[in-house]
2 protein chains.
Amino acid sequence: MTKKRSSNRPTIADVAERAGVSAITVSRALREPQKVSSELRRAIDGAVSELNYVPDLNARALASSRTDVVAVLVPSLTQHIFSDVVRGIYDGLEDSGLRIELANTRYSAELEEQLVFGIMRHRPAAVIISGTEQTARTRKMLEAAKCPVVQIMDLTDDPIQKIIGFSHERAGLEMTRHLIEAGYRRIAFFAGWMNARSLQRHGGYRQAMEEAGLYDPDLLGQRSNDNPEFSRGSRQDFHQFSSTVMGRELMLEMLERRPDIDAVFCNNDVLSLGALFACQAKGVAVPQQVGIAGFNDFDFMAAAEPPLTSIRIHRWRCGFEAMKAVQGQLNGEPVGEPVVDLGFEIIKRASTDRNGEVAAAAQEAPPLALS
Amino acid sequence: MTKKRSSNRPTIADVAERAGVSAITVSRALREPQKVSSELRRAIDGAVSELNYVPDLNARALASSRTDVVAVLVPSLTQHIFSDVVRGIYDGLEDSGLRIELANTRYSAELEEQLVFGIMRHRPAAVIISGTEQTARTRKMLEAAKCPVVQIMDLTDDPIQKIIGFSHERAGLEMTRHLIEAGYRRIAFFAGWMNARSLQRHGGYRQAMEEAGLYDPDLLGQRSNDNPEFSRGSRQDFHQFSSTVMGRELMLEMLERRPDIDAVFCNNDVLSLGALFACQAKGVAVPQQVGIAGFNDFDFMAAAEPPLTSIRIHRWRCGFEAMKAVQGQLNGEPVGEPVVDLGFEIIKRASTDRNGEVAAAAQEAPPLALS
DNA sequence: CTGTTAGCGCATTCAG
DNA sequence: CTGAATGCGCTAACAG
């Protein structure tokens, strides 16, 4: 009878035999070297490299009912805001030996639920998930998972376990106040893709405008969300809805429809870039005739002509801290603060500098340091 | 004696008992429903949902020595070129039930080798990996893996199994020829982060320039690659090296050092955007005084003022096709063509339209009225 | 510090 | 179409 061993990869038993020890000693030498005498350790290491032994993590997962996979769910892979978050997560990995299973929820709570269900079958070591709009079933699965769960990129009083993010509403509020203080009055809001967080930002904008007696619902630039492309099967993603092209279109339309506007607050830097190009194309002076502000503070905002005002959010850090929180809990540390507010900063640049204050300062220290 | 069962999740045996069948029938009903009578299937489905049974994929992986994990390795998560590829890969997943383990190689072949080693311990169903610059050991591991391996985003005569991409050298060549045909002569090349593919693009540029007797090595704008930040532990990624800020800096430097240049071919659209802003800041007319071309054709290129010429590459499709190729092989289909060239398109826009052929009317607009 | 025993939960034979 | 026996490769729990 032939042995069942379909693959002829060496197993831990082969290593044990070769090193003249038992399998469990090999297992220990690999996972907790300090618990094995250096003599045996040397023999085992030798056998491992001679045999080219590679542990089977699936078997390990089954035997120990633990894995080294951290599941990460984000609504988009192409919006830099999330790719930066994901990069922060990866940078937080370092040499932890953990691995990332990344899932794309496409801003759909239903799809997210399906993905979480699939992920649970893997028994992940931890879950990092964006936002707070999980379905009831998703939340239940996550609560039942008995592993660290960290929500990111938003805030709530009622996190599943822990949430690390910032207030979109306050950010929208403060930026709008900045625009009002700068002297702008008819401030449009460009929405792009209206997800829950966009709505919060708009809520802040609305509050600030109402406080100042300036709110006008007509000053909203957006596209319908009722687009069949957003359905699950879509391959288009929704990325076209927060594109520079759309920012340009929205601005051209707004200049046509409401030529009296004197500023636009864009829900997304990418839109604000398009708005700037529209102004350039129409000969509209920024910031004198129209002020422009974005959201996220991507790198191009500082490089634009004129440099564009934005809200710097700590997206990289959000991912990084989430990963560190996961690792801490995996090491047995307590959960700590359930709500971590990373804050944000209003970065004032020339595009909203109607009175030339920033420009005056910039005379002394040019924004771009050349080599 | 207590049962070992640490977790009290239901197992396939519990379902079997409840449904009055054997475990293997449950297993089959779940994986190949058509091989089980509809009567039993109903009973099993009932038991599954009553018990809330969720199969343990780690056990399945161990028993079948197969997994549903596709490992994907890319050099960066934040450059849109790769986030678009990754999105294509995800869009290709559809309902295949496959999962993605995504790894970030940070443009380091050594890190890539370590990551591949780690991934192999998971016995992935397939591997999708960017480029052709794997180390010898990486290649060996991949060849030994006995699973589908697809390389992407480049071409080579000697793929590990299959490669899907396009020729960076030809793209560089054809864009440079376009610039020369448009009447430009002193054409600078902005490199940004000089990886293997950037070098190929530059090779194409150089060839075209030499053919025309125009090559001048002094017309290169780049930053040193010998930056310690690029080392493995870096949290900065190299993203600053292909940023809009850097494009602006490179252009300002070049205008200073070689005021005679009449065009720049940027290795990356993001750089070209910065170059455009630099021209605007200095009052340099695009495309009349200086032509600008990029690489990738990101969405903002069409929205810029003036719209920017670029090379459209099929990055989304590259990811999508790679995923489809993987699925095909997993379904037992042959590998097919080992080298799949997806090509590229030169997208000519106003920024290189020196003679006003593309958009005569669009250039009527008055010069930018910005400070 | 090291070894023995006994599974982890499922899928692969091969029978019926 | 269904089932019984067996082991995938590793590690937990105890013992020595």
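Numbers restart at 1 for each chain; the letters A, B, ... are given by sequence-line order, proteins then strands.
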Write down the distance between [atom1] ([X]) and [atom2] ([N]), rounded to a whole number of angstrom.
| X | N | atom1 | atom2 | result |
| --- | --- | --- | --- | --- |
| B:Glu17 | D:dG3 | CD | P | 14 Å |
| A:Leu30 | D:dC10 | CG | C1' | 11 Å |
| A:Arg121 | C:dG9 | CZ | C1' | 14 Å |
| A:Ile12 | C:dC8 | CD1 | P | 19 Å |
| A:Met120 | C:dG9 | CE | C1' | 19 Å |
| A:Glu32 | D:dC10 | CD | C1' | 14 Å |

Just to confirm, is there a sub-4.0 Å distance from OP1 or OP2 of [N] to any side-chain nitrogen or oxygen of [X]?
| X | N | result |
| --- | --- | --- |
| A:Ser27 | D:dT11 | yes |
| A:Arg66 | D:dA12 | yes |
| A:Arg123 | C:dC8 | no |

Does this structure show an ion pair linking [X] with [Y], if we count only N-O contacts that are shorter than 4.0 Å?
| X | Y | value |
| --- | --- | --- |
| A:Asp84 | A:Arg317 | no |
| B:Arg18 | B:Glu50 | yes |
| B:Lys324 | B:Glu94 | yes |
| B:Arg121 | A:Asp56 | no |
| A:Arg137 | A:Glu110 | no |

Self-check item: Contacting residues from residues 45-60 of chain B, given that a heavy atom lies under 4.0 angstrom of DNA chain C
Solution: B:Tyr53, B:Pro55, B:Asp56, B:Ala59, B:Arg60
Practice problem: Can you figure out which of C:dC8, C:dT12, D:dT11 approaches the side chain of A:Ser64 most closely? | Solution: D:dT11
Quiz item: If you round to the nearest 0.5 Å, how far is OG of A:Ser83 from CG of A:Leu77?
Solution: 8.5 Å
Quiz item: What distance do A:Arg87 atom CZ and A:Phe82 atom CZ have between them, rounded to the nearest 0.5 Å?
Solution: 15.0 Å
Exercise. Determine the contact category for A:Glu39: base if any of its heavy atoms lies under 4.0 Å from a base atom, sugar-phosphate if only primed atoms, P, OP1 or OP2 are that close, otherwise nothing.
Key: nothing
Practice problem: For the pair B:Thr138 and B:Glu112, evaluate side-chain hydrogen bond (donor to acceptor under 3.5 Å, both in side chains) and give the outcome as yes or no after the intermediate values. | Solution: CA-CA 8 Å; B:Thr138 299; B:Glu112 181 180 73; 4.7 Å; no
Quiz item: What pair of heavy atoms forms the shortest contact from A:Ala325 to A:Val150, and how long is it?
Solution: CB-CG2, 4.3 Å
Every protein N/O lying under 3.5 Å from an N/O of nucleotides 2-5 of chain C:
from	atom 1	to	atom 2	distance (Å)
C:dT2	OP1	A:Ser37	OG	2.7
C:dT2	OP2	A:Ser37	N	2.8
C:dG3	OP2	A:Ser22	N	3.2
C:dG3	OP2	A:Ser22	OG	3.3
C:dG3	OP2	A:Thr25	OG1	2.6
C:dG3	N7	A:Arg28	NH2	3.0
C:dG3	O6	A:Arg28	NH2	3.4

